[in-house]
Every structure is written in structure tokens, then in C-alpha cells.
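Residue numbers begin at 1 in each chain, while the letters A, B, ... track the order of the sequences. Quantities reported herein were computed from a predicted structural model and do not represent experimental measurements.
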Amino acid sequence: MDVPLPLVPAKILTAPTTITQFPDYPKTLILEQCKTIKDLNQIHAHLIKTRLIHNPRVAENLLESAAILIPNLPMDYPISIFEKLEEPNSACYNLMIRAFTLKQSPNEAILLFNEMCGRSVRPDEFTFPCILKACSRLHALMEGEQIHALIMKYGLGSKGFGSNGFVLNALIGMYASCGEVEVARHLFDGMSERSVGTWNSIFSGYIRSGCWEEVVGFFREMLEMEVGFDEVTLVCVLTACGRLNEIELGEWIHEYVVAKGLKGNPTLVTSLVGMYAKCGRVDTARRLFDEMPRRDVVAWTTMISGYSQANRHREALELFHEMQKTNIVPNEVTMVSILSSCAVLGALETGKWVHSYVMKKRMKLTVTLGTSLMDLYLKCGSVGNAIEVFRKMPSKNVFSWTVLIQGLANNGQGKRAIQFFNSMVEKKITPNNVTFTGVLCACSHAGLVDEGRGFFVSMTREFGIEPEIEQYGCMVDILGRAGLIEEAYQFINNMPIQPNAVIWRTLLASCRVHKKVEIAEESLKNVVKLEPMHSGDYILLSDIYASVGRLEDALRLRNQMKERVIKETPGCSVIEMNGIIHEFFSEDNIHPDLVEVYNATENMMEKIKLAGYVPNTTGARLDAEEDDKESSMSHHSEKLAIAFGLIRTSPGTTIRITKNLRVCMDCHNATKIISNVFNREIVVRDRNRFHHFKDGSCSCNDYW
DNA sequence: CTAGGGTTAG
């Protein structure tokens, strides 16, 4: 161990090298001059040759370069250095542990820590923060607790401050991010002295375990007690504000940041952008974003995801295109945001482009990215592609399975969805509430009433999950669609929780399918109490009246809507072509190729009439004349979009439409015939589900 | 030691 610190030998001084300045001792040489892997190779070789590597200080420095300082260096390199060390000391272990955690391999960090203890290298006050961080990342409470015990054994857990403070802070952070908020709080309360770092540790832990209220509450406490805080604190609090819609506090912090001249901190400003976006102030967020002098990937991604989460998907895509004009490289998190926007918009082409981009850039198919890709394909009606992604994903979680199950259900493959649910359970992946929403949805779409009842029961009995309003809604849907309207009504009345508007709306919709006037009237009454301005509900009942010939009642309801100034949501259908998203509205008068579209629509309607199409005008405006009705029906947004698709794509291409409302009876009927006459597959995604039209029939079996 | 961005549900 007693290798002396040497002078730098003459050989390196004269050799051609990228190192321009030669310091006279290794620390400077290795840590400050070593910027690339090439430098590192050279120095490593030299240190081995001169046996300097066996000087612990030298080894530490070299490892620090390899593991921490040179960005984007894979871990293989520091590992190979580390493995050649004869007796690595605790500092070397510390560096390796830190590096593993930094490079997202906390598992390896823990393994190394165990190895370290096994080889009787005593961990020190620098080791513990590193390893505890790894535990935090992994939510590895058991390891964390063992480490806590070790800390006490080595006497580092005293309540004093100084370097012990780091250890205690890290311990607090570990407990908080493992969900042991109480323990963290207990440790925190027991500390005689707290630094800003202590507060920040508990904040970051709380954030990682989703305890947003605590962060805001503690911060208010800090303000009251006039405890000093720093920029890290503010970032934590802003994150919490975003989740809790705490716009006032967020704005207060914004003012503080401006007043103290902290706008130069990009992380802080990015947090402000995120806070505003999550609180629904997307435009304020954008203004701040535009003001930022330097924007990195995270800043761009924050803004893009801000748009997606605010349902402003087109702006999300536009901003992404703008991002591509810069030299900032998107990463998989960016892709996830973009994909979710593509999925909502039904922009399959753009989504596929994202997929190929992901493959080209060899981005890691992380669980989240894979799941987003699956979601895209499923929401665009491409079941095959989704399953392909699913099979290729190296690891999957509940999200992935849930997305698949729900997606299959929506695409009319209820039985297949249930098969996947069963294999998920076999693989010991624990389903959650949302998973059951998917499974029950599958039962509903496949008309499997008894199976649905069974899953609903097993949810509580076997999995211990209390059903929430969504799952009750699914049951209402299952019963209602199968025509068991009275039973569904009873079910609602016996629910242990208050029914919401969605529940009554679901029942109302099944009343339309089965023409149950009384319960429909009752349902509407209840919906209106909860959500009086939702036009679709009035229209549903009005349609029911019309379908049983009670036109006056239907008209009365429409007038009631007018009196209450409830606007009908205009139908809107979207079709994507060459990456451009074309939006059509019912009775469209804004699309640039208007004349062409209307001509094409008329042609299309003529052709299908010859094939036996008869307009069904029960769903049309009731105050219109019969002729007007027919023409207004033929100008429904999806007919315009389909006609546009027919003339603008080559024969045989699948036409994909995304619609904001439910497909009406007439459009559904017309589209079936169109698929036959024009020999096209047409995939329509409506508000609730997919319709795959092919050879004159639809995947939903006319049951929607 | 402590800091910002991401996926499912009607």
C-alpha cells in the first residue's frame, strides 16, 4: 500500500497527447486533464506500467474520472479499472457505488455495497449517502433498514450535525421515498440541528413517494419559522404545487424567484414552467419557456408534456417539430409525451415515425416508452403492432398490461383481453383498479355478463381492491348493454358510493340502445343535477323519444337545451395524411379543400345508395325538413373525413378516422356499406371504442 | 447529501 506519490515521468511529457498541460502530480493530471476516454486509456496504461495504480490515492482519482467526471462513459470502463485493483479502499467503493446509482443501476450499487461489507472494507460517512440513494431509487426498504442498523453500529447516527448530517439526511430521504413517511418524519423531528439539506432531503423523499401535501405543508412551516431555504427547496415545492394545483403558492414562488434574481437557474425556471402547465396555465408556462435563454431537453420536454397534459396535443406536436430544428436531442421521456399526444389525436403516421426514430436512435425500450408505444397503436386501432411492441419489451409493469387489456377491449377483442388478464395474473403481476376497469370493459364489449359479475366480485375477494366509481360504472355498462336495464338501475341505487354523472350517462346510453324511456328520463334527471351543461345527455334522451315516435317530447327537450343555452358539441373527425392532421367539422366550412370534399361526399353517398343504403334520419335535427335532414346527415364530420380519405389515398389503403363523439346510427350504417362498395378497411375511433369496418360489417357487431 | 420532464381509466 505504500507506493509513493511520484512525479509525472518524462515519457508522458514528451509523448504526443491530447493533454496539453502537464501538472506535476497525479491528482491534477487525472481529475482535471482527463476529459475523454482516450486520455483515460493513455493514463490508465501508464499507471499500470509504473505500478502507480496501486497507490490508493491514484486509484481513487482514476476511478473518479472514469465513473463520475467523464459524461456518458459506460460503466464497463470504471468496472474494468476497479476489478484490477488489488485492494480497493472504501473511497474506491464509494465512487463505484455513486456511479452505479448515477447511471441508473442502483441494483449493482447495492451488490457492490454488500461485497464491500463482505470484504471487511468499512463503509464510512461518504458511503452511506451513496448507498442510501440507491435504496431510495429502488424503494428497497429492507436494504435501507439494514443500512440504518449499520449506521447506528458505526456510531454515525448521532443526532449531531457536520458530516453526520449528510448521513442522516440521506437516511431521511431513503425512508421517505420508500413510503415510510412516518419514520422519515420521526428522524427529522429527532434531529437537534437541521440544515437546508435536511429539509430538502425530506422534500425530495416526499416527492418521490407522491406526498405532495406534506411538501407544501412543510414549506409553509418553514416560512412561518423563518427557516432559510434554497433553490433546491423551491424546485421541490414547485413540483408539489403543480400536482396539487396550488397556483397561489406557485405564483408567490415565481415572484420570489424574480425578486431574488434567480431566473438564471434553468432547473428552477423549468420547475416554474412545469408548475404553470400542470395548474392549467399553459400559456403562462409557454411565455416563461420562451424567455429562457438556454433550454435543455428537460425544459423542452416539460413544455411539450405540459401541452399534452392540457389536452393541447396539436401544440405539443408543433413544439416538438420546433425542438427538432434545434440541436437539442429528444430522449425517451420526450418521446413518451409526444406519443401520448399522437395516441389521443389518432396520429398513427406521426406515431410510427416516432417509433422508427426510437429504433434508429437505439433508445432503450423502457417500460414507459414501450407502454406509450403500445397505447399509441391500440388507440389507433393497430392491434398487431401493439402486441409486437408488447412482446419485444424487456420488462413490463402493471401499466403495460393494463394498457394492453384496455386497448384490446376497446378494439372489440374482449375475449383476448381476458386471456391476457389471466396470463398477467399467472405471471404474478398484481392488477390494480385500472386493470379491472380494462377487464370489465372487455366483458362489456364482448357481452360477457356473468364473467363481468365474476371479475367484479374477485376484485375485492381475491385481490383486495375496493371498487371505485369507474368499476361501478363498468358494471352498469355491462348490465345495461346486455339489456338488463332494471338490474343496472337497481345496481346504481345499491352502490355504496354516490353515483356520478358518468354512471347515469352510461345507463342513459344503454337505454337508448334498448329504447327504455322511463329509466332514461330518470337517468337524465340525475345527470342534469350533476352536470347540467353536457349537451350529449339531452340529445341521447331526445333520440330515444324520436326512436319510439315521441317527436314532440324530443322537440321539447331540444328546446329546453336552447333555453338553458346548452350548446351542442359539434362533431369533429380527424384524418391524418402525410403527417398533416385534417380536422373536419359537421357541416364543415373551414377546411381548405371544401368544394372537393363536398363533391366527394355527394359522390360517395350516391354510390352507396345504389348499393342499398337508406338514410336513417331519426338522429337528425328534428326541426328540419326531411330533405334537409338527409343532407345534414350526409355532412356529418365522419362522412366528410371518409370521403376525403377515399379521394386522397390510393385504393386499398386503410382509412383511419378519429371522432370526438359517438358514431351515430346512420354513419355507422353508411360506413359499413362504404367499406364494401369501395373495398376499403375503415377504422373509426369514436369517443368510446373502435369500429373496424370491413366487407360491409363492423367489429362491434352493431353493439355500441 | 438534497433539484426540473414521462405511460393506464369515461
What side-chain donor-acceptor pairs closer than 3.5 Å can you find for residues 366-373 of chain A, not counting sequence neighbours?
unit_1   : atom_1 : unit_2   : atom_2 : d
A:Thr366 : OG1    : A:Leu369 : N      : 3.2
A:Thr371 : OG1    : A:Val367 : O      : 2.5
A:Thr371 : OG1    : A:Ser400 : OG     : 3.1
A:Ser372 : OG     : A:Thr368 : O      : 2.9

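Among the heavy atoms of the strands lying under 4.0 Å from A:Ser372 are primed sugar atoms or P, OP1, OP2 only; no base atom is included. Using a 4.0 Å heavy-atom criterion, one finds that A:Arg295 contacts no nucleic acid atom at all. Residue A:Arg294 is out of contact with every strand shown, counting any heavy-atom pair closer than 4.0 Å. Within the 4.0 angstrom heavy-atom criterion, only backbone atoms of the sugar-phosphate kind lie near A:Ser271; the bases stay farther away. At the heavy-atom level, A:Thr368 lies under 4.0 Å from base atoms of the strands shown. Residue contacts shown for A:Asn265 include a base, since a base heavy atom lies under 4.0 Å away. Within the nucleic acid shown, A:Thr239 comes within 4.0 Å of sugar-phosphate atoms alone, with no base atom in reach, counting heavy atoms only. Here A:Lys278 lies in heavy-atom contact (under 4.0 Å) with sugar-phosphate atoms only. In this structure, A:Val298 reaches the bases: a heavy-atom distance under 4.0 Å links it to at least one base atom across the strands shown. Among the heavy atoms of the strands, none lies under 4.0 Å from A:Glu468. The residue A:Asn433 sits apart from the nucleic acid: no heavy atom pair falls under 4.0 Å. Here A:Gly197 lies in heavy-atom contact (under 4.0 Å) with a base. Heavy atoms of A:Thr402 sit under 4.0 angstrom from at least one base atom.
Contacts of A:Arg281 classified as salt bridge (charged side-chain N to carboxylate O under 4.0 Å, His left out), with partners at least two apart in sequence or in another chain: A:Glu251. For A:Glu322, the salt bridge (charged side-chain N to carboxylate O under 4.0 Å, His left out) test picks out A:Arg286, with sequence neighbours left out. Listed by chain and number, the residues in a salt bridge (charged side-chain N to carboxylate O under 4.0 Å, His left out) with A:Glu315 are A:Arg312 (sequence neighbours excluded).
On the nucleic acid side, DNA chain B contacts chain A at distances under 4.0 Å to non-hydrogen atoms, with the end points of that region at B:dC1 to B:dG10.
A salt bridge does not link A:Asp686 with A:Lys659: every distance from a Lys NZ or Arg NE/NH1/NH2 to an Asp or Glu carboxylate oxygen is 4.0 Å or more.
Of the listed residues (A:Phe219, A:Trp212, A:Phe218), just one forms a ring-ring contact (aromatic ring centres under 6.0 Å, His included) with A:Tyr206, and that residue is A:Phe218.
Applying the salt bridge (Lys or Arg N to Asp or Glu O under 4.0 Å) definition to pairs two or more places apart or across chains, those involving residues 364-383 of chain A are A:Asp375-A:Lys379.
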